Amino acid sequence: MVRYAPSTKEAVAADPSALRIRGVVFDMDGTLATPMKEHLIKMRTDIGVPNGIRTLEYVETCLHGRAREQAEKRIVDIETEAMANMRLSPGLVELLRFLHAHGIPIAIITRNNINSVNHFINNVVAKQPQELMELFAFSPVIDRSFKPTKPHPAGILHVSRAWNIPPQQLLMVGDHLDDLLCGLRAGSVSALLRYSDNGEFEAHAHIVVDRIDELVEKLASGFDADMAISGHENVGI
């Protein structure tokens with residue numbers, strides 16, 4: 001087990017060299033926003049994605065020409081449908097308030113297209129009270145145009161370089177195995193936002209929470225992480 005010290009300003013001032021989380025990277029759907037699993041199922045069904053392969057991987061490596069164009073259009077159409085039901089994850093504001101108060105930067109890595117990201121920022125986030133807007137200062141924001149996508153660690157390593165923070169001091173938060181693997185493969189701490197249908201991913205998470213604001217206690221008090229958890233299993237879709 002590796003001990004991570006508290007991430008509060010007070011703890012940093014008392015022991016600035018201690019290992020701690022200094023930046024947090026979020027998935028979007030199912031993490032920052034409430035899950036839209038039915039749209040993901042519809043996407044795979046409509047495109048005809050076989051079991052055992054990720055949707056984007058199937059489209060990018062197995063489809064060509066007109067078939068690929070049609071599949072990519074269907075993905076965008078379903079993502080657009082899902083936007084209408086996008087809501088902030090319960091407890092997100094409380095977590096972001098803590099992170100902002102302690103100077104901890106935040107970023108997004110998502111496999112959604114940039115239109116979905118813009119909808120989240122310009123419509124869902126924009127509905128929050130004006131005094132909360134400073135809490136949502138995500139930078140960088142990485143959508144699926146950044147290659148390779150999750151579960152490859154390239155995205156979080158890009159964030160690490162942008163912030164000049166070592167990967168082992170970053171926290172990757174998500175609801176899917178690929179989010180966890182992205183963090184694990186980068187050498188970061190991975191946190192699973194658990195729902196009724198994703199508990200099977202717990203073995204690949206250093207931290208498991210049922211509400212996203214439960215991370216406040218972990219970051220405020222410190223936590224132990226089993227950094228021997230491997231991110232190299234060929235699992236997940």
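Just so we're clear, the structure is a prediction, and the values are computed from it rather than from any experiment.
No side-chain heavy atom of Leu181 sits under 4.5 Å from any side-chain heavy atom of Lys150. You'll find the side chain of Leu192 stays beyond 4.5 Å of the side chain of Ile207, heavy atoms only. Contact check for Leu215 versus Phe223: no side-chain heavy atoms found under the 4.5 Å cut-off. By the 4.5 Å heavy-atom criterion applied to side chains, His119 and Val124 are counted as neighbours. You'll find the side chain of Thr34 reaches within 4.5 Å of the side chain of Pro90, heavy atoms only. Between Pro140 and Val159 there is a side-chain heavy-atom pair separated by less than 4.5 Å.
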Evaluation steps, salt bridge (charged side-chain N to carboxylate O under 4.0 Å, His left out), between Lys73 and Glu69
CA-CA 6 Å; Lys73 182 180 184 303; Glu69 291 176 4; over 6 Å; no
Can Arg144 and Asn113 be said to form a side chain to side chain contact (heavy atoms under 4.5 Å, CB included), step by step?
CA-CA 6 Å; Arg144 69 163 171 261; Asn113 69 56; 3.5 Å; yes
Under the side chain to side chain contact (heavy atoms under 4.5 Å, CB included) rule, what do Ile142 and Thr110 come out as? Steps first, then yes or no, please.
CA-CA 6 Å; Ile142 297 174; Thr110 177; over 6 Å; no
Would Gln128 and Leu88 satisfy side chain to side chain contact (heavy atoms under 4.5 Å, CB included), going step by step from the backbone distance to the final call?
CA-CA 10 Å; Gln128 304 307 304; Leu88 286 186; 3.3 Å; yes
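Leu135 pairs with exactly one of Leu99, Val125, Val93 by the side chain to side chain contact (heavy atoms under 4.5 Å, CB included) rule, that one being Val93.
Ion pairing of Asp27 with Arg111 is absent here, as no side-chain N (NZ or NE/NH1/NH2) approaches a carboxylate O to less than 4.0 Å.
Here the shortest heavy-atom pairing between Ser7 and Ile21 reads OG-O, 2.7 Å. Annotation for Met227 and Val2: closest pair CG-CG2, 3.5 Å, computed over non-hydrogen atoms. The nearest pair of heavy atoms linking Ser89 to Ile212 is OG-CG2, 4.2 Å. Shortest non-hydrogen contact noted between Arg211 and Gly91 is NH2-CA, 3.2 Å. What you find for Asp213 and Glu94 is that their closest heavy atoms are CB-CB, 4.0 Å. Closest of all the heavy-atom pairs between Pro167 and Ala186 is CB-O, 3.1 Å.
For Gln169 (side chain) and Arg20 (main-chain N/O), a donor-acceptor pair under 3.5 Å exists by modelled atom type. Looking at Ser188, its side chain never comes within 3.5 Å of a backbone N or O of Met172 through a donor-acceptor pair. Under the 3.5 Å distance criterion, the side-chain polar atoms of Ser190 are matched with a main-chain donor or acceptor of Leu180. No donor-acceptor distance shorter than 3.5 angstrom exists from the side chain of Asn164 to the backbone of Arg161, with no hydrogens or angles considered. Proximity of a side-chain donor or acceptor of Asn198 to a complementary backbone N or O of Asp175 within less than 3.5 Å is detected. The backbone N or O of Ala11 lies less than 3.5 Å from a partner atom in the side chain of Thr8, making a donor-acceptor pair. For Arg3 (side chain) and Leu19 (main-chain N/O), no donor-acceptor pair under 3.5 Å exists by modelled atom type. No donor-acceptor pair under 3.5 Å is formed between the side chain of Trp163 and the backbone N or O of Ile106. With Tyr4 contributing its side chain and Lys218 its backbone, the two residues share no donor-acceptor pair below 3.5 Å. Of the possible polar contacts, none joining the His206 side chain to the Val189 backbone as a donor-acceptor pair under 3.5 Å is found.
Taking the side-chain contact (heavy atoms from CB on, under 4.5 Å) definition, one finds that Gln70 meets it with Arg66, sequence neighbours left out.
Shown here is Asp226, whose CG atom has more than 12 heavy atoms of other residues, nucleotides or ligands within 6.0 Å.
Asp29 and Asn112 share a donor-acceptor pair across their side chains, judged by distance under 3.5 Å alone.
Residue pairs meeting the ring-ring contact (aromatic ring centres under 6.0 Å, His included) criterion with at least one member in residues 127-161, sequence neighbours excluded: Phe146-His158.
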